[in-house]
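So that the names make sense, note that chain A is the first sequence line, chain B the second, and so on, each numbered from 1. FYI, side chains are in, hydrogens and waters are out, and symmetry mates aren't considered; it's all heavy atoms of this structure.
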Number of protein chains: 2
Amino acid sequence: MSVPVETFFLDPDAQGTLQAQIQQMIAEAILSGRLPRGEKLPSTRALAKHLGVSRITVTLSYTELQASDYLSSKGRSGFYISENAPEPPSFQPRHRTEDKVDWNRAIGHSFSEVSTPQKPQNWRQNRYPFTYGQSDETLFDHNSWRLCALKALGQKDHDSMVRDYYDQDDPELVEFIARHILPRRGILARPEEILITLGAQNALWLSAQILLTQRRTAAIEDPCYYSLRDILMQSRCHLEPIAVDADGLPPEALPDGTDVIFATPSHQSPTTATMPLERRKRLLDRARELDALVVEDDYDFEMSFLQPPSPALKSLDKEGRVIYVGSFSKSLFPGLRLGYMVGSEPFIREARALRSTVLRHPPGLIQRSVAYFLSLGHYDALIRRIGKAYESRRNVMEQAISEHGLTASGSGVFGGSAFWMKAPVSVDTTELAELLKAQSVLIEPGKPFFAGSGRPRNFYRLAYSSIPTDRIPKGISLIAQEIEKLR
Amino acid sequence: MSVPVETFFLDPDAQGTLQAQIQQMIAEAILSGRLPRGEKLPSTRALAKHLGVSRITVTLSYTELQASDYLSSKGRSGFYISENAPEPPSFQPRHRTEDKVDWNRAIGHSFSEVSTPQKPQNWRQNRYPFTYGQSDETLFDHNSWRLCALKALGQKDHDSMVRDYYDQDDPELVEFIARHILPRRGILARPEEILITLGAQNALWLSAQILLTQRRTAAIEDPCYYSLRDILMQSRCHLEPIAVDADGLPPEALPDGTDVIFATPSHQSPTTATMPLERRKRLLDRARELDALVVEDDYDFEMSFLQPPSPALKSLDKEGRVIYVGSFSKSLFPGLRLGYMVGSEPFIREARALRSTVLRHPPGLIQRSVAYFLSLGHYDALIRRIGKAYESRRNVMEQAISEHGLTASGSGVFGGSAFWMKAPVSVDTTELAELLKAQSVLIEPGKPFFAGSGRPRNFYRLAYSSIPTDRIPKGISLIAQEIEKLR
């Protein structure tokens, strides 16, 4: 590959002759690792023209650099970075700036102090990854996805890929969600009531920005998805964590003054509890009493392989109180960053305006590819395949859990992709996770899911969405052994 | 296509016999437009199992609906929505919710009251689209882009597509930006100093959230990119619009107490002015005096086909005061939603944390496809091709502008993709744009770019990025005629 001439600039403050400056510029680029050995330099003519210097100056610089073995020449074909050029000190370009900014002062709002635990980026290298929320490539329908993306990359769909949608979405995707996804959850919605988001995370964030202020109160489940708590803490609203029980969030516990209730009725995160119909009705009654809204995160509903899922809370909502959040992260894959929210038109209008300011719209190519994946029926087939695989993994896991005397605190009546586990009270699962990691077993400690002080340390989550069936028994036995040692 | 059984639910509050409820459920779905004519219904067995009712109940419901011509049966192959089924009232599902929420109260922060002008979504249908910021498919290298996306969709890159990166980015893309894009702007940066964003819009938004508070002051150019002003107004900081001149932002006009300066030194938006080196140095000196930061939006730098672009302001920054924002919207296409920002590590750490809370990360497929497009050299070739086409369009346009006695107020010494035009003072270009639209000519009125009251009404922007060369003269003549009528 040859180095574009545009990458070269002379430092306007540089000292010395032009020839020396050019030599230094090239040598620095080699030393900083920007120009690897074997790459071709611009011709002397091109570089001279670009820098506005005479060609002989460039030629002299090149020749000089050749003499010191930074460059080599291959006859008429020009100059190359020499194979004997000095080795750059790894990938650390020499730094000419010295930071003079007091960043503690310059940063007006800090966002980096969140509690979100570090997730291992290399989970695939572990033998027993009971890792939650990542995609299993052995189950994914790579071929159909590729064909759909290919279709979306075609000439016919060029406009939908390249255009600036400003605050709009791909109408095809919106229509398929309205016609084929939402009805499965018992939800009827018009396009003006639907917004496409960068995943469920983005939908929850948008909701919090619009509905909450420093003077308002949000009720969250305890334990809950920790990223949601981070979102709400950043919004600086008042937070009321409500302890969940075996049926999920108890509506009676919602305090007066609650403005927004964040809930996972169909499949409580992380305990997997499903809220019975009776309680759902009471939750909506309580919301009416409080004149509160409910943000329903319906993550994982596609993974209802044991029984058909109960309809979404939104399907019972006759007053427009429920804002529904769905995602393709679990059914397709998380790196897609695609989700959607459904709510009353005045709310969706605000969410659309905010999304437009923050990022405009999710990429057109991603939206159209998913629209094809849905409309060609691959989505349904994929969900059935994943459900089947999860069911068999789940059965193996359930048996291993009981054989090794471990305790599942929540297992999800509809299916899902994980067990919520309880170790003996004396066991700190953060420590347990560290010890198991050394044995290539990945589990998720439960503590970050809980709010406040005195958080229980003995819960953990075991997912079966990324671990091959045949590794489950051994993985569970390693967990059991380690717990035995720790108790 | 057959209708998935999961889309059917019985209303838990419904009255009447089960058979009647099922009939009503299906009839409503047809009447609401959810089930179009010709689609196949689930088998009686499947639906009975799903709803937990007896099969005979479902059969009776289907037969009843067949009698009233909602359904038709094709012998053993099952039931279909009849071709004579009642027509749904367009795409407006019957709505069972009656909004009881007082949205004026429920919305804590409103975002929809921004000044951003409505952009025509159907600009392609116009004969003379002097439209800015959209992609021209005749110039785009569709084939190479498709091949790069295809490569990114391959088995080898599966993980980079599907994984949840949390707050991280595709390391390949970051490295290519560091090695091949930033050096053209005279910038050396380490990966920890680079963040990938959902376009430049997202980068500007992130900067504003982190650096500004209600007590801080941001200086912006006047006129400037109006979406930037919306972003800053939402941050509720104090705003100081600084009138630009033919050399861009005058540093001396920056008032004491300025905390952050938003600037477009290389190619002022929208006036196209390029800030001379001397003034850039004075801008940095003034920033140092104020202990302020500069957010440099380097949009459009790739379109420097007349002369090599001057290095970015960031390249002169020895103190870490400049935050650099780049984008692939102009060089690839806006629907990609991909940009990047470069800044000191403490700042990028905050931006990364905030981006992670808001949306996690730009989709992996998009990042990797662009990484290939860059690394295989298509990016450079594309920019050269676009530059060539823009140059010839620009020449034709310059000639037409002068022939018809129009006035270019700014034309960009390096190139770019638009002229900043000035009509006689008596002409309101918002009105002009409306009149021209009726003749299939699209221009952009200048008023939204200006701040405050007493904004000039007689400026407008004419882009040559989306209009074919041979339509330019006629388009310009139509504009000239209409201006003549209005003055």
Side-chain angles (χ1 to χ4, degrees), chain A residues 4 6-7 9 12 34 50 93 97 99-101 103 107-109 111-112 119 135 137 146 149 153 158 161-164 166 179 183-184 186 188 198 201-202 205 210-213 216 230-231 277 308 311 318-320 333-335 337 344 346 349-350 353-354 357-360 363-364 366 380, chain B residues 4 6-7 9 12 34 50 93 97 99-101 103 107-109 111-112 119 135 137 146 149 153 158 161-164 166 179 183-184 186 188 198 201-202 205 210-213 216 230-231 277 308 311 318-320 333-335 337 344 346 349-350 353-354 357-360 363-364 366 380:
Chain A
E6 293 84 8
T7 61
F9 290 108
R34 271 209 297 130
H50 172 72
T97 63
D99 213 312
K100 295 250 174 74
V101 177
W103 287 103
I107 289 166
H109 289 128
F111 299 92
S112 62
K119 300 273 196 161
S135 164
E137 73 180 297
R146 202 159 176 251
L153 282 159
H158 184 78
M161 175 174 75
V162 302
R163 80 186 301 165
D164 192 334
Y166 303 106
R179 279 197 50 204
R184 291 164 207 232
L188 297 183
L198 264 278
Q201 172 98 21
N202 188 224
W205 182 86
I210 291 162
L211 302 176
L212 293 166
T213 67
R216 295 196 177 179
D230 290 340
I231 288 172
L277 181 60
K318 307 255 195 289
E319 303 190 340
F333 49 84
R337 307 310 310 133
S344 290
R349 194 182 307 128
E350 292 300 326
L354 176 56
T357 306
V358 173
L359 59 87
R360 291 210 179 159
I366 298 287
D380 294 292
Chain B
E6 293 84 8
T7 62
F9 290 109
R34 269 210 298 128
H50 173 72
T97 61
D99 213 310
K100 294 252 174 72
V101 177
W103 287 103
I107 289 165
H109 289 129
F111 299 93
S112 61
K119 299 274 196 162
S135 162
E137 72 179 298
R146 202 159 177 249
L153 282 160
H158 184 79
M161 175 174 73
V162 302
R163 82 187 301 167
D164 193 334
Y166 304 104
R179 277 198 50 204
R184 290 165 207 232
L188 296 184
L198 263 277
Q201 172 98 21
N202 189 222
W205 183 85
I210 291 161
L211 302 176
L212 293 166
T213 68
R216 295 195 177 179
D230 290 341
I231 287 172
L277 181 61
K318 307 254 193 291
E319 304 190 339
F333 48 84
R337 310 307 311 132
S344 289
R349 194 183 306 127
E350 293 300 325
L354 177 57
T357 306
V358 173
L359 59 87
R360 291 208 180 162
I366 298 288
D380 293 294

Quiz item: So which of A:Asn202, A:Val101, A:Asp164 has the biggest tally of heavy-atom pairs under 4.5 Å with chain B?
Solution: A:Asp164
Self-check item: Shortest non-hydrogen separation from A:Pro4 to B:Asp380 and the atoms involved
Solution: CG-OD1, 4.2 Å
Quiz item: Going from CD on A:Glu319 to OG on A:Ser344, what distance comes out if it is rounded to the nearest 0.5 angstrom?
Solution: 10.5 Å
Quiz item: What class does the angle between the rings of A:Trp205 and B:Trp205 fall in, given that below 30° is parallel, 30 to 60° is tilted and above 60° is perpendicular?
Solution: perpendicular
Quiz item: Among A:Arg360, A:Glu6, A:Arg349, which has the most heavy-atom pairs under 4.5 Å with chain B?
Solution: A:Arg360
Quiz item: What pairs with B:Pro363 under side chain to side chain contact (heavy atoms under 4.5 Å, CB included), at least two apart in sequence or on another chain?
Solution: A:Leu198, A:Arg337, A:Pro363, A:Ile366, B:Ile366
Quiz prompt | Toward chain B, the part of A:Phe333 with a non-hydrogen atom under 4.5 Å | solution = both
Quiz prompt | Contacts of A:Arg163 that satisfy side chain to side chain contact (heavy atoms under 4.5 Å, CB included) - sequence neighbours left out | solution = A:Asp159, A:Tyr165, B:Gln121, B:Gln134
Exercise. Look at B:Pro311, B:Gly364, B:Ser135 and state which one has the largest set of heavy-atom pairs under 4.5 Å with chain A.
Key: B:Pro311
Self-check item: Expected output: side-chain A:Gln201 to main-chain B:Leu359 donor-acceptor under 3.5 Å
Solution: no
Quiz item: Which answer fits A:Leu277, side chain, backbone, both or neither, if we ask what part of it has an atom under 4.5 Å from a heavy atom of chain B?
Solution: side chain
Quiz item: B:Leu354, B:Thr213, B:Ile231: which one forms the most heavy-atom pairs within less than 4.5 Å of chain A?
Solution: B:Leu354
Practice problem: Name the member of A:Ile107, A:Thr7, A:Leu211, A:Val358 that forms the most heavy-atom pairs with chain B at distances under 4.5 Å. | Solution: A:Val358
